[in-house]
S.K.: 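Please see the structure below; I have some questions.
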Amino acid sequence: MGVYGTRKMWKAMNRAHPDDPVARCTVERRMRALGLSGVPNARSTRTTRPAPLGG
């Protein structure tokens with residue numbers, strides 16, 4: 001489904017195995033090796049703004 005990004009996956013792994021913490025960079029590396037990526041933000045950069053009214 002691609003709903004878990006690096007941050008969410010890292011937190012979930014550390015919650016599941018509190019006695020064996022894992023570094024975030026390790027999670028990033030493993031996800032990249034497996035071809036996994038999270039869903040990007042729905043927001044996009046706003047480059048153009050409308051002109052002010054009554055100008």
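Computed over heavy atoms, backbone and side chain alike; hydrogens, waters and symmetry mates excluded.
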S.K.: Can I get a per-line list of side-chain donor-acceptor pairs under 3.5 Å for residues 11-21, giving both atom names and the distance, sequence neighbours left out?
M.R.:
unit_1	atom_1	unit_2	atom_2	d
Asn14	OD1	Val22	N	2.9
Asn14	ND2	Trp10	O	3.3
Asn14	ND2	Val22	O	3.4

S.K.: Look up atom CE in Met31 and atom OG1 in Thr6, then write down how far apart they are to the nearest 0.5 Å.
M.R.: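 Rounded to the nearest 0.5 Å, the CE-OG1 separation comes out at 4.5 Å.
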S.K.: Measuring only between side-chain heavy atoms, which start at C-beta, is Met9 closer than 4.5 Å to Arg30?
M.R.: no
